[in-house]
Structures are given as structure tokens and as C-alpha cells.
Amino acid sequence: MQSADVEALNAVGKELDRVIYKLKDIRENAAAEIADVATLLEELMKVLNKAEQEMSGTINTSTQVDAPSDVDDPMADEADMQVEMEPAKPRLNDCQVKHVLDTLHKANERLQRISAEHRDLHGAVSKVGKVIDRNFVSDFTATTRVDALQDEENLMLLNKVMAKHYCRQGMDDVARLLIKESGMPEEMAQEVFDSESSFAEIYRIWKGIQQQELGPALEWATRYSEELIAKNSTLEFKLHRLAFLQIMSRGISAQAEAIAYARKNFGKFIDRFEHEIPNLMGCFIYLPMGIDNSPYKHLISPQVWMEASYVFMKDACHTLGISKNSALSVVINAGCTALPALLNIKQVMQSRQVLSIWNARDELPIEIDLDPEYRYHSIFACPILRQQTTEDNPPKKLTCGHVISNDALHKLSNGHILKCPYCPVEQNADDAVRIYF
Amino acid sequence: MAEIKSMEHSTLKVPYEVLNKKFRVAQKNLDRELDQIQHSSRDVENLITRTKILPTVDEVGALVGNVVDRIQILKRKAGESLLEELNAGLVCKRKIQHLKVIVPPDSNVCYDAWQASIDQWKRTRMDRIVIEYLLRRGYYETAECLARKSDIRSLTNLEIFHTSREVEEDLFKHKTLKCVLWCNDNKSKLRKINSNMEFSLRVQEFIELVRSDNRVEAVKYARKYFQSFEKTQLRKICKCMALLAYQPNTETEPYKTLFSEARWNDLVLNFRNENYRLFQLSTQSLLSVAIQAGLSSLKTPQCYSPNCKNPHCPVCQEDFNKIARNLPYSHCVQSRLICRVTGLPLNEHNLPMMLPNGQIFGQLAVPEITREDGAVVCPITNTKFSSPKVEKVFVM
């Protein structure tokens, strides 16, 4: 991860934290304010109820002509002429009216403030979006001149590659669903399941180690012990060490078992791991108080398991001569390395308006610096012309042993006579031989 | 430029758009509820001020009661929408944290452990990229299953695609309801990006009315909905209205296309695109871009010549070989030689050696291909040379 990445992420993180902080604040504030206003109004209700009770006692004898009468009341016609029989409703006095109006006014004002406060957040929220746009590339397309993943045939091939990958990872159900949903033809689907079976065992064991299950891994390592030692692999020791620590982590009661395990299994590693084994034995001192409270606690951290699974995957694949990574993951990871460089060069070429050069050639405009493990083929670039050799322009070995491309050879030769550009030897240009890497 | 900067825009932008949307929804909810409260408060005021006589306690009490009820609703709504908004913010934050996971090695962590954590992170990244692609292709169940199995649901955009899946399924069944709802839901944003999704939908509904020979209904429908599009889509509206004069089985263009069932599929594609634009997803998936860049950077002329293939090389494998056929080759200005027998690089510790047939191998491989009687068998061409002259080659 590069520092530019860290900076970009931090920039977004900072703005986002600001939003989250304010939002938490607003949320608490709003809840408190609303609750407060609610009690205010409930109190008002209480005051009104009380007033009603008090007043209905005092003025229920007074008569009111304009008191609301129910039109649906069957008595209404009869009661028409006479004085309203129902007790008069109590009315508010001026002071109470003022109180009601004031309270409502205040309540509304306070609630409006919540909304205003929330609206003010808008700036901070949209800033996050702007910072994301500024720091991250939104358009990573068009790094290639043709889009090979447009026609249906290639898309189906891609589905097949993906299905193979997940089959290899032991996720048969993902592969099966993909085959179903993409409507993959029968014979293609069959190929998927036939292709990756040798890897399945390795993957199962790998997954097992991640779930802290060592049995199958140890069994595998014992089976290939000789090959692993020949490759100077630390795998077997690392697995035994984990098994030992697993016993140790059960506490003092497992002491005898742990000692027995160490006696039985560490013997053959004494020469190669003369520093690690004393460390492990040192754990016994801390056994009563638990290893997680000891200076050795790094030995039982979850990372150790991840590391062991990684070493297993690497060494097991190496031992069996199969690729550690599926084709899909190699391609995607290579692509992830290549993309930033391609985007960069695209930007430069665009600003200098030379993008057409890219399109004119059948080659990427720059060299992609891939991991050495992703180099599968020899590539000879002519040291004179700085070009890769091809079938039409093959590499040639001069009689002095130096290698240049055929085109360079023709450019440098004068009739049949050629002087090697790297040493004083003069020779007949026809004596150069085609070579194959 | 760095990997995360160049590829993770949508990882952050999509949850941001969700946050932004939740913000607007929350604001709308607050304002709507406050309006209601103000409205019921005004009722009280009106009652008190409009009538000459003072109002009864009963009446005022009832109306104030309304205000109290409204405030309770506000309390619930505000609580809900602010919580949703906060959660959307936290989702963003979680994604940033996921991207930040890879830290440079420090002295406490050994090399293998550090490599292991990078390896794990790359695995997760790949699953993320694949899930996004699956969703774009509409392979929802596969995506769902993969997210569950690799336990990265929280890092994907499954939720957004979940809605779009429902809309798409609805459209496939020739129903417009869910899509109309979606249009309403995202109205302001769609207007901002100049989307014509809603118009296309309305046209489709109109077409269906004509198809089922409800021509009067169709006219009513047009009156109701087409007006708002008059400014921008007048020409298309004219064409649509002309449909009233044709039978669904007409052979006249453009009416034949308008009546065609395939228009529904176009709607689905149109919808998908608009949904990407809404969340600022690019039109090409990251998987497709990454795979093509990756294939190109791995592709060499040898991958296409039958006896130079390397079984470990992805581009040499049949499937990728076909996909990569039209992609550019990798570019290389500095020779990079690998021995085909040992797989080791050719350099000053492993000098390149040439057999009489021009095939080059590393010095370290020579014992491996030499038989006990001194004969050398070329592993590529299977030619046998008895005590050949193996020459040193100098590569600059």
C-alpha cells in the first residue's frame, strides 16, 4: 500500500468522521429536545385538564346559548326552544390563552432549530463526496483499446474461468450456481469440475488451518516430510509448534501432555530451529498464569494461524508442482498492479495529445512491473532497438556470443560484414544463428 | 498512482451516495413532521384568535392533544431516520477501514505473517470484485452465495443491487410498478443526471394501453403523464401519439419497434445503466477492466506459439488464451529471461547456454538434461546431441 493511498483514505476518513461526529451530536440533541418539548406540551395538557376540572365546578350553572349542540341529537328538536340542559363548557381565560400560545410558539421554534441544525450538515456530507471524487479515480475504463469482454463467447469463457476458480477454492456451490444462472453449456460445465480436483485437498487443508484444525495438515506434512526438508521448508515445524501451543493453551493440566508432545515431535527439528525450540520450552514457565499474559503471547496470536496457512499453501503447491494461485486470481492481481500504471500513462498521453500512439500499437505503452512469480515466459528485448523480438524479428546470436535482434543486425551490418556492437569482433552477418528462449 | 486510489472509487462512492440519500430522506422526514406540527399548532392559534369569545378548554385541549400526538410521531420518525443516516455513515467508515488494513511491515511482524495478511486482503478484494461483476451480470444468487461463503457481505453493495433485482424481475414480467416507484424514490437525483428512465416507462405503459386496444384510456394516460416531458421529449411524444393510428402488428417503422416486445428488455438494460449512474458506478465493471489489463500485462508472443507454452501461465491456458487474443501484448524494454527447465531466472549466476539447435537453457539446467553417456537431449524439440558443444550466450 502506497503513501498516496493512505493519504487519500485519511482525507476521506477525516471528512467522514466529521459527519459522523456531528450526526451523533444532532441525534442526541434532537432526541433530548423532542422529549423536552413533548413534556412541555404534556404539562400544558395537564394544566388544561386541571383548569377544566376546577372551572367546571364553578361555572357549570351559568347558561350558554351558543354552546355547540349536536345536530344528530334526537333531543335537539325538543331542546330547540328551551335553555340548553347540558352543563356549559368551561372556557379559558386570557392568561391561559397567552400561556397556550406561548408554549406552542416556543415548542415550534425549538423543533425548527433541530431541522435547521440537520440541514447545516449538508455541507459536511457533500464534502465527503467531493473528497472521494478528488482523491479517487472514478473513470478507470478505456485503458485498453478494445473491449474483449463484450462478445458473448468471451463472456461465457470468463464465467467458466470464474467457476473453475471457485471450484478450486472448494466452493462448489458457488460454481454450480454460476453455471446455472449463466446458462453455461453442459460440456463446459463438466470441464469445470474435472479441471481442479488436485487442488481441492490442498484447499481443504488450508481452510482447516485457518479454522485452527491441524490434523489433516500435520498428516499431509508427515507424508511429504522428505520433500519439504529438501526444500528447506519451515512448514512442518510451524505446524508442530502450533499443535504444541494448542495443547499448552489448555493450561496447567495439559503440562504432561505438552511435554510428551514436544519430546516426540521436536527432536528432528533441533538442528534447524535451535532458537525457536528453547523459546517454546520457555512457555512452561508461564503456564500457570496462562500464555496470553506472558512474553510469549505473540506465539498464540491469530496471525500465527494465518501465517501457517499461508506457508502451507505456498510450500504444498511448490512441492506438488501446481500453481498456488488460480489463473483468475493471477490475472486479476496482475491487472490490479497494472491499472494504476496504465491510468497514469493514459493521463500523461492524453494531456500531451498523443493517445493515438497507444492505439496504433499492439502493445501496452509501458512495462508493467509484475511480481517475479508472475513471469512465465522469457522475453528478449533487443538491446540495440529496445524492442521485444517477435517471430518476424527473432533474436540472433553473433559468433562472439552476443545476442541482438534480426532487425538490428541488418541495420548494423555493412554488406556482409558486421562489427559486434559490444566487442571488437568483426564477422560475417550470415553466421549469426537464430536462437530460442 | 496507487492501487487503492485508482480502483476503489466505487467502494467508497456507493456507500457515500447511500449516506447522502439517507441524509436527504431524514431532512425530508423532519421537515414534513415539523410542518405537521406547525399545522396543528396553527389550528390551536386559529381557534383562539379567530373567535371573539374565548374558546372552551375542551376544544383547546383536543387540538393541543393533536400537537402532542404529532410530536410523538416526530420523535419516532426522527429517531428512525437519524439512526439510518448514522448507520449509513458507519458503513462508509467500515469500508475505509477495510481498505486501510494493509499496513507496511513493522519490525514486530515477521515477513511471512505480513505476506499472509496481504494475501488474505487480496483474496477478499478479488471476491469483492467478482461479486460486483456477478451483480452487474444479474447473477444474483451466485453473488449472494459467494458473499455469504466468504463472509464479506458488509463490504459489498448487495443491498443496492437487491432493489434493482426486484425492479428488473418486475420489468421482465412486463410490469412497471416497481420501476415507477424507484423513479419516484430517486426523482431529484434522476433529474440531476438527465435520466429519461421515467419517460421510457411512461411510453411503455402507453404502448401497452394501445396494444390492449384501450385507446381512450391511452389518450387519458398521455394527457396525464406526457405533459411534464413536453419540453425535452416532444418529438418522441409525437411518434408515440401516432401509435394510436396503428395496429400492434404494423410493419411500419418506427412504430413496429415501439410495439416490439424487445422494448421491455431495453428497459431492463436502460434501468441497469441508470442505476449505475445514480450511484456513480462506471459503465464497465472493475473485473472486466482489471482482467483485461492483467491479461495484457501477462501476454507474450510465446503464449500463442504451441511449443513455448507454460502450463502455469494463465494466458497459455485455453480459456484466457481465447479471451486475450485481441488484447495488446505486454511491453518490455529490458530482457527478462527464464530457464524453461528450472524456472529460474537467467543471470550472472545462471548463465544462458545454447544447444546446437539454438535453444537456450540456464547453466544450472545443463546437468539435468545431460545423460550419463554425455549426450544432451533438448527438452523442447527432443533432439539428441551426443557430446555437443554447449556455448555461452551474452545477453545485455
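To find a chain, count down the sequence lines: A is the first, B the second, and so on, and within it residues start at 1.
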Interface residue of largest heavy-atom contact number with chain B, from [options], under 4.5 Å:
options: A/Val128, A/Val19, A/Asp173; answer: A/Asp173
options: A/Val37, A/Ile34, A/Val12; answer: A/Ile34
options: A/Glu307, A/Glu181, A/His122; answer: A/Glu181
options: A/Ile404, A/Thr103, A/Leu155; answer: A/Leu155
options: A/Val311, A/Asn10, A/Ile366, A/Ile368; answer: A/Ile366
options: A/Thr234, A/Ile26, A/Asn159, A/Val433; answer: A/Asn159

task = Heavy-atom pairs under 4.5 Å with chain A are the metric here; pick the option from B/Pro301, B/Ser150, B/Cys92 that has the most.
result = B/Cys92
task = Among B/Glu45, B/Lys392, B/Lys149, single out the residue with the greatest number of heavy-atom pairs under 4.5 Å to chain A.
result = B/Lys149
Examine whether an atom of [X] lies under 4.5 Å from a heavy atom of chain A, and if so say whether it belongs to the side chain, the backbone or both; otherwise answer neither.
X: B/Ile129; answer: side chain
X: B/Asp119; answer: side chain
X: B/Ala324; answer: neither
X: B/Gln115; answer: both
X: B/Ser10; answer: neither
X: B/Arg325; answer: neither
X: B/Gln38; answer: both
X: B/Leu90; answer: both
X: B/Ile360; answer: both
X: B/Val393; answer: both
X: B/Glu391; answer: side chain
X: B/Glu17; answer: neither
X: B/Tyr133; answer: side chain
X: B/Arg340; answer: side chain

query = Hey, do the aromatic rings of A/Phe437 and A/His377 have their centres closer than 6.0 Å?
reply = no
query = Between A/Tyr376 and B/His312, is the ring centre distance below 6.0 Å?
reply = no
Salt-bridge criterion met for [X] and [Y] (N-O under 4.0 Å):
X: A/Asp5; Y: B/Lys100; value: no
X: B/Glu144; Y: B/Arg148; value: no
X: B/Glu85; Y: B/Arg24; value: no
X: A/Lys160; Y: B/Asp319; value: yes
X: B/Glu141; Y: A/Lys180; value: yes
X: B/Asp127; Y: B/Arg123; value: no

Examine the side chains of [X] and [Y] and answer whether a donor and an acceptor come within less than 3.5 Å of each other.
X: B/Gln120; Y: A/Gln210; answer: yes
X: A/Glu367; Y: B/His331; answer: no
X: B/His9; Y: A/Asn135; answer: no
X: A/Asp369; Y: A/Thr337; answer: no

Counting only heavy atoms closer than 4.5 Å, note whether [X] contacts chain B via side chain, backbone, both or neither.
X: A/Arg386; value: both
X: A/Met171; value: side chain
X: A/Ala30; value: side chain

ask   = Can you name the ring pair (Phe, Tyr, Trp, His ring centres under 6.0 Å) partners of A/Phe136, sequence neighbours left out?
value = none
request  = Measure from the side-chain N and O atoms of B/Arg336 to the backbone N and O of A/Ser378, and report whether any donor-acceptor pair falls under 3.5 Å.
outcome  = no
remark   = By side chain to side chain contact (heavy atoms under 4.5 Å, CB included), A/Asn325 pairs with (sequence neighbours left out) A/Ser329, A/Val330, A/Glu373, A/Tyr374
